[in-house]
Protein chains: 2
Amino acid sequence: MVKEGDRQTEEKIFKAATDVFEEKGFAAARMQEIADRAGINKSLLHYYFRSKEQLFGAVFPPLVMKMFEKIFSIFMLDVPFEEKIRMYYDEHINIFIKNPNLPIFILNEVAHNPDLLKKFSYEDFYSRMRNNVFQMHSSEFKKIGIEGKDMPQLMISVVSLAIFPFIARDMVQMFVPQFKENKAFIAFMQERKTFAADFVLSAMKNFKK
Amino acid sequence: MVKEGDRQTEEKIFKAATDVFEEKGFAAARMQEIADRAGINKSLLHYYFRSKEQLFGAVFPPLVMKMFEKIFSIFMLDVPFEEKIRMYYDEHINIFIKNPNLPIFILNEVAHNPDLLKKFSYEDFYSRMRNNVFQMHSSEFKKIGIEGKDMPQLMISVVSLAIFPFIARDMVQMFVPQFKENKAFIAFMQERKTFAADFVLSAMKNFKK
DNA sequence: GTCTATAGAAGGATAGAC
DNA sequence: GTCTATCCTTCTATAGAC
């Protein structure tokens, strides 16, 4: 029978590991720091998760889900495209305001180890989403000259506008020094919800003219 | 007097270090691997560049310049905005096709050590660029309702569309499996030069209607 | 300037007591 | 299940011969 303390400790480790990996990245993360933040010692880490790799393997997938499930769920909704776009920017930017280094962390880890994505099988989401989005709005899209082959360019553009500012935050801060204040940067991203939606919808309106 | 061999060796080290850091990132890069690729041994690395940090410090700034000087030089040109946008996507995407992991590398390193940007003083580029771009095109912009305060949102959007696909390449490959073939991904990015330009220009055309 | 050999430090992992 | 002590490997860095 599992003691109550077990789950608690495992939970503390999991939380600490999530934070440290997300902040530092896999290569720079230290088991010592994870142990410290969890309020235990290194040995106990290895008792619960045999190795650094295993610990990372436990922590990583939920973070990927946190990053992507909103995209999927929103784009699969059966609502008008404009509403979908506005919902997407609202909710996804909210997630990144709460987890500002989630995107750079995930994308950097994946870039150095593409196998990390193998767990998330292609059929699960991606093809379904791409096809459904186009079919749902095909009549809207046809009017403005957007075809199935344009979908990748379009979808990637939509997502770019939400995620990139968080990835390039330090560069953005050089460009606009006020954003060194966290408050100001967040205000900028709040404003971006409507800016990005307007931008995309406006672009699509007369794209093929 | 400096021997000829010196510069050659230093150059080989510099090149090897650039490659390894760019591929692996600072934390995961190994001095041994740099030495191997340079065709020398570890001791000689330390003879030329006292420490890993110093070597990195020598290698990093030129890479930042490679990433950004095109943005600056093109946006400072005195040509119509549309031409500027098309030139920008053409040239910047070309750079990333040749250096696909430059963006994720730089942005990840900077995110974990913001001091890396201190060498690139704010006054050098950023404020000049932001102001000049707006003033150059203020009459064009005024017609379509774009104001000075919109500039950060606009500029960041423009850059997002070029850089993000390279940062998120593995995700993009899940979304469009064909892009696992390098040829197909590059074709996609070639096509993106005009897609992104059309997208931005179309968005701006009736942004405030 | 370049090498071999080795020191020294750090970090991941395990043994064993409680 | 948790701790202390310690091992082992990896990596950075230096000493010293040529």
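The chains referred to below are lettered A, B, ... by the order of the sequence lines, with proteins before strands, and numbering in each begins at 1.
Per the geometry, CZ belonging to A:Phe49 stands 12 Å off P belonging to D:dG1, to the nearest Å. Computed from coordinates, the A:Tyr47 OH to C:dT14 C1' distance equals 14 Å when rounded to whole Å. When the P atom of D:dA13 is taken as reference, atom NZ of B:Lys52 falls 8 Å away, rounded to whole Å.
In terms of the ring-ring contact (aromatic ring centres under 6.0 Å, His included) criterion, A:Phe14 has no residue partners (sequence neighbours excluded). For A:Tyr47, there are no ring-ring contact (aromatic ring centres under 6.0 Å, His included) partners, not counting sequence neighbours. Contacts of B:Phe195 classified as ring-ring contact (aromatic ring centres under 6.0 Å, His included), with partners at least two apart in sequence or in another chain: A:Phe207, B:Phe199.
Taking a cutoff of 4.0 Å between a charged side-chain nitrogen and a carboxylate oxygen, B:Arg37 and B:Glu23 qualify as a salt bridge.
For the contact set between residues 21-46 of chain B and DNA chain C, defined by any heavy atom under 4.0 Å, the members are B:Ile40, B:Asn41, B:Ser43, B:Leu44.
When the side-chain nitrogen and oxygen atoms of B:Tyr48 are compared with OP1 and OP2 of C:dT2, one or more of them lie within a distance under 4.0 Å.
Looking at A:Asn99, A:Leu63, A:Val110 one by one, the single match for side chain to side chain contact (heavy atoms under 4.5 Å, CB included) with A:Phe105 turns out to be A:Leu63.
Residue pairs satisfying the salt bridge (Lys or Arg N to Asp or Glu O under 4.0 Å) criterion with at least one member in residues 187-202 of chain B, sequence neighbours excluded, are listed as follows: B:Arg86-B:Asp198, B:Asp90-B:Lys193.
Although no hydrogens or angles enter the test, the distance criterion places a donor-acceptor pair under 3.5 Å between the side chain of B:Glu109 and the main chain of B:Phe26.
Rounded to 10 degrees, the angle separating the terminal helix axes of the helix from C:dG1-D:dC18 to C:dC18-D:dG1, each built from five base pairs, is 10°.
A side-chain donor from one of A:Gln32 and A:Asp36 sits under 3.5 Å from a side-chain acceptor of the other.
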